[in-house]
Structures are given as structure tokens and as C-alpha cells.
8 protein chains.
Amino acid sequence: MKSLKNRVVVAMGSKSDLPVMKEAVTLLESWGVKVDTQIISAHRTPRLLETSVQKWESKNVKVIIAGAGGAAHLPGMLASFSHLPIIGVPISTKSMNGLDSLLSISQMPKGIPVATVAVNGGFNAGLLALQILGIHEKKISGELIKYKRKLCNEVSGHRRKLQNLGINRFLKQKK
Amino acid sequence: MKSLKNRVVVAMGSKSDLPVMKEAVTLLESWGVKVDTQIISAHRTPRLLETSVQKWESKNVKVIIAGAGGAAHLPGMLASFSHLPIIGVPISTKSMNGLDSLLSISQMPKGIPVATVAVNGGFNAGLLALQILGIHEKKISGELIKYKRKLCNEVSGHRRKLQNLGINRFLKQKK
Amino acid sequence: MKSLKNRVVVAMGSKSDLPVMKEAVTLLESWGVKVDTQIISAHRTPRLLETSVQKWESKNVKVIIAGAGGAAHLPGMLASFSHLPIIGVPISTKSMNGLDSLLSISQMPKGIPVATVAVNGGFNAGLLALQILGIHEKKISGELIKYKRKLCNEVSGHRRKLQNLGINRFLKQKK
Amino acid sequence: MKSLKNRVVVAMGSKSDLPVMKEAVTLLESWGVKVDTQIISAHRTPRLLETSVQKWESKNVKVIIAGAGGAAHLPGMLASFSHLPIIGVPISTKSMNGLDSLLSISQMPKGIPVATVAVNGGFNAGLLALQILGIHEKKISGELIKYKRKLCNEVSGHRRKLQNLGINRFLKQKK
Amino acid sequence: MKSLKNRVVVAMGSKSDLPVMKEAVTLLESWGVKVDTQIISAHRTPRLLETSVQKWESKNVKVIIAGAGGAAHLPGMLASFSHLPIIGVPISTKSMNGLDSLLSISQMPKGIPVATVAVNGGFNAGLLALQILGIHEKKISGELIKYKRKLCNEVSGHRRKLQNLGINRFLKQKK
Amino acid sequence: MKSLKNRVVVAMGSKSDLPVMKEAVTLLESWGVKVDTQIISAHRTPRLLETSVQKWESKNVKVIIAGAGGAAHLPGMLASFSHLPIIGVPISTKSMNGLDSLLSISQMPKGIPVATVAVNGGFNAGLLALQILGIHEKKISGELIKYKRKLCNEVSGHRRKLQNLGINRFLKQKK
Amino acid sequence: MKSLKNRVVVAMGSKSDLPVMKEAVTLLESWGVKVDTQIISAHRTPRLLETSVQKWESKNVKVIIAGAGGAAHLPGMLASFSHLPIIGVPISTKSMNGLDSLLSISQMPKGIPVATVAVNGGFNAGLLALQILGIHEKKISGELIKYKRKLCNEVSGHRRKLQNLGINRFLKQKK
Amino acid sequence: MKSLKNRVVVAMGSKSDLPVMKEAVTLLESWGVKVDTQIISAHRTPRLLETSVQKWESKNVKVIIAGAGGAAHLPGMLASFSHLPIIGVPISTKSMNGLDSLLSISQMPKGIPVATVAVNGGFNAGLLALQILGIHEKKISGELIKYKRKLCNEVSGHRRKLQNLGINRFLKQKK
């Protein structure tokens, strides 16, 4: 029965990607989604790509999130092996500010899409996975609607506080 | 009953985006998915954004594909209003080669993801929508597996033909 | 009567934009212009866009300044709803140095311009608003002429001091 | 009396910029705004900058639009001399796709803003000038509201036609 | 015995890459190197990657040249599976001028290098393979030295012809 | 005596650079400067670099103009060998729009400057050489002052013609 | 006999490149390859280029690794003089993030390839040299196969540890 | 008599450019060239441009070095007014890494060249000025030849020291 809930894989090419990818894991788990967090490298463990995808697909995984940096091939290679939707997270790199990661992930050829989010967008990758799951799960789509309201309320709260306190006191209080 | 099948919206900011976005529509329809093709502009018809999203959500739309170029705001604004997964297609522009479109669509802030595909990736946007729908529709996921096989066979066919014909005859024959 | 002076809105997508946008507010207020500082997000409070614009237009607002970063949609969306001049401030982002913000704000389509200033150009956005207001307010245009003179005098002061002190003493004294 | 209506200058660095800048002129004149179209080069006629600005300011010019390409200095230099709002139009260049023009115009230092529009955005520069003039001219702001409605209707017309004709017939008819 | 001479693989992700990659094949074959030209896609035939590499390695292949465009993963994935030197050829793309291809191929992570040549550098990829083979084959290194001389003579020939004919006659004659 | 007038070298890495570099030659010769036009490649004729520089320096050459594209090393390598001022002309390339050429030429390390002009700026390279020669030749500096006046007059002529003819007749007449 | 083992040169344009290039040296030496580490500048010691290449070639050097930053000419110039395979390492620069170095090294013209690795990819340059040497040295190719296994095991170790410890304890333990 | 030696102007747009531009001043003065260091802003003191150029030209100034950042107009505007050679120094900016400065200075239109050096290349600007002066001053050209030798010796010294000490001791000693 466990596999039924084991629905999203969060994969990353290197342990150094974990701080960014953790945001997806934490978000998904806090919404009650079972997550399988994986360090798997397109370049260093290429033989694991196919077998992992097969295992995940057989275990009822619905969405795969994959983060990688530089010549970032993990999301695209998982997309090569799987018919599941793949969400790619370009991890920022020192030398190229993540432009290399973004282009390596988004510019996929015809036939093998990767759903690319912003550079270092681990949280948004998790949220996109929830939106995909929400299509057939009322509970999740209901939560998404609430989440949008919460975002809105947060901003409205900031706006009101800014208007009450004025800029200087608002900036001080923030810290 | 019609709305039940009316499951993917393909929206675009301008009629000039149609040739790229048509690829998504054609693909989806050829797989038996009902598509609602929409010209709706974040900048020129901003008041339609919210009402359209509400109508689509009430009509059982599952995925929204949105294409736009330049300071491309349509995908992101639809994502602001909807809890559905939004797939963004950066349309290439004359002056900036689509880099402006790609960054305007992919670099969304925390809380409002857009699933970005390649510049001019209309076809892949349609395919990504199918992958998302396929999560809960065996028929579609079965077709996706076949499609992957077909892609593979096509490339294998090219490889064999190239080996049989040699480069020069292969290149001639292609035309 | 208050609304008569409530003439410039300074909006921003996130409270993290406040340090940059504060420069516009401070400048405008120091010139006697009433400013309405707003945190309003195109992506998180999209429903507020239209109503806010209506309220601002009805309250005699003359210019709207909007700052946002990344896939920066706030200036463009305010421009979609309002016939007022919109000044866009691209806020610098970690991953893309503000190139994403600059392109997302400046590359607007035909029919919906945004007056874009430099990356992090909060101060210049305020000054541009003053130039716009100055068209019909002699007092402001007079101040602008004085401001230009002041800028000139400042630079001339630096030049003279540099010539008097020499480079090394000038550099020491600066600190 | 003529000078009273001579309210917008459209300047450009070279006659090769005229096709782009003409869009601003045509738009402004069709709205009843008197336009003074000028070929004036920051680099080839630098001595004309100051005297031209003085003449324009004395003749009741309200807004200056300036287009230039490459190391595009005209908008910034007019901004140095004038307290009027300057709208800069980056003209696309062969070698750099207009990125050089965009950065040369938008990245102005503190104290001398230029209201930058999109690359080759001659039309939008004219529209921005109208929005600035509209602040104090009810007739223009009224027209702007109508123009926004027209834009909206155009897009809605395209949407309806697309829904009636279907994609293929729509694409054929367009030509 | 055939396998002994079957020493360089020229692989490409798509038949559209053939015109660029053909330059490598033609060069290598004209130097007497046996070439195995392959259409094999990291994204469309991912399962062939490992088996192909194994076959090539067992057949005495010494160098693998791989060309791909956009999110170009073929060179990097072959490098993941093989201990042979991999030469990557970034194929130019319409939207990004090959910057995406260049970054996707060159920015490989620690442990899996790809020897990247210029965008569309099919010829140079072949030459680099010859330089690598030349390390242990006197005949090839001898030819490389002659080739360098030929390059030098060609340029010297152009220089002399230019000096004899003058610019205008030289330019005419070229055609 | 010939060498006395043989004062500017215009070098280029490939005969394909000639159309751009010819503009420098033609300009210089039309001003009475003797030009030595050279096809010499940093990469294909590296041994000629040092000997050519020595010959040029001994023959009273005052300025070296060098054009090259892509990984453009000719200007920088001539600067390595010569103490003369080197003017570098980045030649536009297909794949990178000349950004590669511009960075390869301008970003020289401390100690070996190259005076870089715009992408494809052959004419301006010639003019810069004239400005350098003009420092000690009254005749040339006098001509430069006249040339500036001519540029100014040309633009003024265009401006007047535009004002007389209006935009449409001006645009027609241009052709 | 010493020269027999003196097989790889690691050259760099400046001593400031040493920390990056040291990674190549350390790797190669730890695999038993003799390395000749050289500071040699294309721009500051141009006359040494040819003589050094001649000496290296006569001393049985098999591969030349060259690192340089900015307008990085060292790899390309060594490639001009030598028929050996040249591996280029773009060293990151402050102002351009290494994009200048990458383009200056990779975009070589037809006839003179440089095998470019990632920005700051000193380690990978060493590994690529080993792959090239491994073509004819069973011992090295055997080690490369083991190294690939080690990379794989490392990642697998991280994956298992992550699954055992969970994200938070894994992240803590890492430090 | 003083003016006779007052031969190079080092101008900069802002006192914040002084640390970079100081390198030019120090170099020139250490070679016995009289330098006039000027803070003069194209944007804040535009009226000083023409009069300053006139004064400098009348005072026997031979070369003008100008540094500026962002939308860097100072070098180009001085080039508009003067027939002297202008050397432009792009000053690095926070948001765009100096790419804006580099393009704003180098991409000058036909007729008004600026001799652009590397981003933050204050020292090289000074050296280029010396090369220009050296054309007619044997003493300076002699010093330039010595300087080249010194550069060469420095690198050779580093090379020898590295070979004597080995990498680790060399790196330690450097500090």
C-alpha cells in the first residue's frame, strides 16, 4: 500500500543540489504527498537512469522532479526514459549564473519535453507537481486554491503593515 | 457532456503566435483530447484573464498551455489566476532570439510556477500536457509509451538508412 | 482634497523590493509629491490589479511606478489596466543579474508601453515621474532645472577637489 | 500659436532609424499632436544637442522621443541637457540584435533617467508620449481609454474568428 | 580485421545534424581513418547509448565524436558511458544561435569531460580526432604537420595574390 | 623612401574578412596614407607573426589594424609582439553575432592592450588610425576636423531635407 | 629516459591560474603520468610559444593542457604551433563570469581545434588527457573504467546515506 | 611650457571610477607623461564636454582616456567633440558585469571611433596611450620595448620559480 502514496520522485544530480531541492521535498511532504528523494547522476550513474525510471513507474510515481546544474542532463535524460511528466530545476552555477543550467534543461528537442521552472526554483517545482497531482485529487486542488489565497493574504498583510508603519519602521521591523 | 472532454486550453497572446501553438493543438486533437484554442492577451485583454480561467476551471479543463513572446506575461498571469498546471511556450522574437520570452516565462517567483518548454516548443507543450493527462488515463499513458517507441524507431530507421545509403545518397534522398 | 496631492503610486511586487523602491518614494516626497506606496503582486494578488488601478485613477494619480524582479510582470500588467504612464524598475536578481527583469519589463508588445529605467533604478524612476509631472507644474520643472544644476555642481566640486588634493588624498578623504 | 501645438519631438540619430521612428510620428499626428521630427546625432552633431533642447523647451515641447542604435547615446545625451521626460527607443542592430542599444539606453546613471521602451518600439514610444500628455489633457486620456478598448476588441475579434473558422481557415484567411 | 580500422565513431542526435557532422566524416575518411557514422539520440534512443558504447569500445573505436543542438545531451551522455575521449560539436540552433548547444556540451561536471569544439565545428572535431590518433600513429602525426604547412601555404598564397592583384581585383576573382 | 609613407598595416586573419577590412584600407588611402594590406593568420601562419611585426616596425609602420572573427587572436597576438598601437576589429560571426569576436579582442590582459572598435567596424578602425597619426601630422588633424564638419553637415542636410519633404517623400527619395 | 614519461604539459598564462590548473596536475601525477607544469603567456612571452612547443614535441609530450582567462589566447596559439591535441581550460574572470574565456577558447577557426572543457574545469582537463593517453595504454584505460565505477559508487553512497539519514541529518552530517 | 607636457587627459564620469582610472594615471606619470585627471560627466556636466575638449586640444593634449560605467556615454561624447584619439575604459557595474559598459563604449557608429580596452582596463588604457605617444617619441617607444621585455621576464621568473619550488611551495610563497 505504501507505494500507492509514493507518488513524487525528487531527484538531483549531486548532493550539493540538496539545499535547493529540499524545498520541493519539504513542500510536498507537508501537503501529505509521499516523496522519494534520490541522488542520481546522469553523468556518474548513467546505468541507474533506466532502471530507476522503471522502478518508479512501477511504484505508482506520478511526477518526477529533477534538479541539475551546468551542462544539466538529468531532467532531460529522465524524460528520455519516462512517459511521466518531468519537472526540471536549473541549479545556479558559479561561472554562468545558471544560464547554462537553464538552457541545458529548457531547450529540449521535439518529442521529449521537460517542464522547466526558474533557476533554483525547487519550491516551485514542488508546487507544480502538486498542481499536476491536483488535477485528479480534489483535496490537493482545494489546498492549492487555499494556498493562492494565503499568498494573496500575505502580500495584503505586507501592504497593510507598510501603510500603517511607513517605510522606515516597516524595514526595521522586518529584521 | 461536451465540457467533459474539453480538457486542454491552448492560449496565445497574439494571432501571430498561432503557427507555433497550432502544433500543440494538432497533436492534442490527434490523440483525442478536446482542445479549446484561445487568443487572449495578458496586455490587451487583461480583464478576460480571470473570467476565462474561471470558465475553464468550471468546464473541467485540466491543463492550460499558453504561448507568448517578448515581455511574455500570459503564461505567468494565467498561473496567477489558476491552480491548474500552466505550460508556457516562449515564442521567438526578432530582436532577442527568444531569450526575452524564455526569461519572462521561466523566471517566475516563488509560489506561481510555470512549466516552461523550449523556445517555439509548441509541440512539446502539447506532449507535456499529454504526459500530465496520462497520469490518470491509462489510454494516454499507453499511447505515450508507444510514442516513445515510435521516436526511437524513427531514429533507428534513419540510422539504418544512413548506414545502407551512405552519407551522400542519404542527404540527397532526404529532400 | 487629500487625493488631489496623492499623485504618484510606487508599487512593488514584494517587500524585498522595498529598499530599491524606497529611493523613489523618498525623492518624490522630498519634492512635495504625495506618494502612495503599495506592495501589490501581479502573481500573488492578481485580482487587486484592476481594482487598484481604478481606485488610483479615480484618486487623481498621475504616474505609476512599479518595481519587480525575475519574470517581472507587475509593471506590464499595470500598464494593461491603466492609461496612465507606467514606469518600470527592473529589480536585480541573484541568478540572472537583472537581465531577466530588464527584458521582462522593457520588451512589451505594441500597444502597451512601459517606461523602463535601469536595473535597480528606483531613484531614477522617481525622477522620471517628476519630469512627467513637471510638464504641467512650473514649480517642479523649476526644481528639475535646479537639480540638474546641483548634479553639475557636485561633479564640478569633485573635479576641483581632485585637482586640489591629487588622487591619493582625494581617495583617502572620500572615506 | 504654432509652437503651442508643437509638443512632441521625435529625434533620431540617423536617417536609417526613420522607418522605426516614423511609427511614433504617425501615431502622434493621427491623435492630433504636433510633432517635430528631427535627425540629430549625438555623435555627429554634438553641438546641436544643447541648442536644440533649448529651442524645443522654449517652444513648449512636452516630451522628447529619441531613437538610436548600437552605442546609442542620443536619448541619454538629450536627457543630460533637458528636464523634459525623454523616451528612448533602442534601434535593433545587425551584430548584437539590439542588446547593445537596449543596454546603452536603459542603464543610465542616477540622476538622468531615460524612459526606455522595447527594441524597435517606435509605436510604443509614441503611445507613452500620449500617456504622458494625457495626464493633463482629458481629450487624450479619453482617447487612450478608447484605444485600450480597441486593442481589446481586436483581440476578441481574432478570438471569435478563430473559434468560428478553426485554425486552418483562420490561418489562410489572415493572408 | 575490419574492426581494427573502425576507429572513430561520428554520432549525431538527428539527421538534421548531418551536414555539419559530415565534415568530420569526410575529413577522417580522406585521411584513411575508418569512420562509423551513427544517428543516435540521447533523448529518443536512450537505451542505445550504453549498448552502442559497449559495442564501439569492443570494436577498437578510439575516439567518439558527437554532435547535438539545443539542450544537447548526446556528447555528455556518451561521455557518461565511455572511458574514451568524447569530442562534442555544438550544432547551431535557430533561436539561441548555438549558445544553448555550446553551454550544454562544454559545462560538464567534474569527472566527465567532453572535448568541446566551436559551434558547428564538424571539421575541427574530425581534426581533433586525428590529433588524438596521431599521438601513436606516426603516419597521422606526419600528415598533421603537412596539413599545418598546407594551411600556412594557403594563407600565404592568399596574401601574395592580394598583394599582386590589389583588393578590388582580388575580391572579384574570388567569386 | 617608400617605407616612409608605408605607415599603416591592415591585417586580417582570413580573406573572408576583406570586405570589412577594405573599408579601413580605402579610407586610409583616400587620405594619402600608404597602407600595407596583409592576410596573416594567428592560427594558420603563427610563425609569420613575429617576423612580420619586425619587418613592419623596421619599415616605419606607425599603426597596425587587425581584424578577426570567432576566437579572434590576431589583434592580441600582434599586440604581444609589437610595441605599436594595435587596433582590433571584431568580425561578425554567424553563430555568435560577433560577441565571441568582441570579447576575444577587447578582454586583453594587463600589459597588452588592443584598441577595440565596434563589430565589423573596419571604417572606424581606419579613422582611429588617422586620429593617431594626426597627433603629429597637422595635415591629418586638419582633415579630421573637416571630416567632423562633413559628418555634421551630412546629418544637418538630412534633417533639413526631412523637414522640407516630410517623412514619406523623404523615405521614397532615399531609395 | 625521463622524457619518455614526461608526457603531459600543463601550461597557463598567469600564476593566478595555478589553483585551477593544479587540479589537472595533481590528478595526472596521482595516476603516474609525468607532468611538466609551465607558466607561459601567449601575450607576455609570445616568443616562447614556438620554441616551447618544439621542445615539448621533441620530448615525447602527448597532450598539452592550457588554461587562460579573458581574451584567452594561450590554448589557441599552442594549437597553432603544435600538431598535438590541445585541451583548453577557460579560467573564470571577474567581469564576464568566464563567458569571454569560454568563447575565446572554443570558437576556434577551421583547421585549428582546441578541445575545450568547462569554465574552471582544470580537473576535467586532466581527465580528458588521461582518456586520450588511455587509447594506447591499457593501464590507464583500466584505471578510467575503475574511476567511472568509483564516481558511480560515490553517488550511490550519497544516495543510500540520504535514504538512511533523511535530508536534515544528511545535510548536517555533510559539514 | 607646462602645457607642452600636459599631454594625456584621464577623464571619468564619476569619482567612483577613480580606483580603476588611477591605474592609467599612475602608469603615465611614472613614465614621465604629464596627466590631467578630470572628473567630468557626459550626463551631469554635458555643457563641459565641448569646452573641455577645446581647452585640452589647445593645450597640446595628445590622447584622451575616458572611463565610464553602465550606459557609458563619456568616451563616445568626447569622441564626438574631439579629433584626438579617445581611449574608452568600460567600468564594471554591479548588475550587468560590465557588459553594458563594454557595449555602450565599443559599439560606436561609423565616423566616431572609440578605442575600447577591457572592462576595468585602466592600466591598459594608459599603456595604449603610451603606445600612441611612442609613435613619435623614441624615448617612449624604447621604454615600451623594455616594458615588453620586463613582462616577459616576470613570467619567465614565475615559470622558473614554479619549476624550482613545485606547485605547493610556489602557492604558499605567493602569499
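Because the structure is predicted, anything quoted here is derived from the model rather than measured.
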C/Asp17 versus C/Gly13, closest heavy-atom pair with distance: OD2-N, 3.4 Å

Between C/Asn97 and C/Ser92, a side-chain donor and acceptor under 3.5 Å: no

Ignoring hydrogens and geometry, is there a side-chain-to-backbone donor-acceptor pair from B/Lys62 to B/Asn60 under 3.5 Å? yes

Given side-chain contact (heavy atoms from CB on, under 4.5 Å), test B/Val8 with B/Asp36 step by step and report yes or no. CA-CA 6 Å; B/Val8 174; B/Asp36 191 357; over 6 Å; no

Determine whether C/Val9 and C/Val35 satisfy the following criterion, side-chain contact (heavy atoms from CB on, under 4.5 Å), listing intermediate values before the conclusion. CA-CA 6 Å; C/Val9 163; C/Val35 181; over 6 Å; no

What residues of residues 37-50 of chain B make heavy-atom contacts with chain C at a cutoff under 4.5 angstrom? B/Ala42, B/His43, B/Arg44, B/Pro46, B/Arg47, B/Leu49, B/Glu50

Could you tell me which non-hydrogen atom of C/Ala129 sits nearest to which non-hydrogen atom of C/Leu28, and how far apart they are? CB-CD2, 4.1 Å

Is there a side-chain contact (heavy atoms from CB on, under 4.5 Å) between B/Arg7 and B/Val61 once you walk through the steps? CA-CA 4 Å; B/Arg7 282 182 310 185; B/Val61 166; over 6 Å; no

Under a 4.5 Å heavy-atom criterion, the part of residues 102-126 of chain C in contact with chain B comprises C/Leu103, C/Ser104, C/Gln107, C/Met108, C/Pro109, C/Lys110, C/Ile112

Say you draw a straight line from CH2 of C/Trp31 to NZ of C/Lys139; how long is it, rounded to the nearest 0.5 Å? 10.0 Å

Please report the interatomic distance CE(B/Met21) to OG(B/Ser14), rounded to the nearest 0.5 Å. 11.5 Å

Minimum heavy-atom distance B/Ala68-B/Ser101, with the two atoms named: O-CB, 4.0 Å

Just checking heavy atoms, which of residues 69-89 of chain C are less than 4.5 Å from chain B? C/Gly70, C/Ala71, C/Ala72, C/His73, C/Gly76, C/Met77, C/Ser80, C/Phe81

Between the OG1 atom in C/Thr93 and the CG atom in C/Leu99, the distance rounded to the nearest 0.5 Å is 8.5 Å

Quick one: which residues of residues 146-167 of chain B reach chain C at under 4.5 angstrom, heavy atoms only? none

Side-chain donor or acceptor of B/Thr26 paired with backbone N/O of B/Glu23 under 3.5 Å: no

How many angstroms lie between atom CG of C/Leu128 and atom CG of C/Leu27, to the nearest 0.5 angstrom? 11.0 Å

Rounded to the nearest 0.5 Å, what separates atom NZ in C/Lys172 from atom CZ in C/Arg169? 9.0 Å

Indicate the atoms forming the closest heavy-atom contact of C/Leu130 with C/Ile140, along with that distance. O-CG2, 3.2 Å

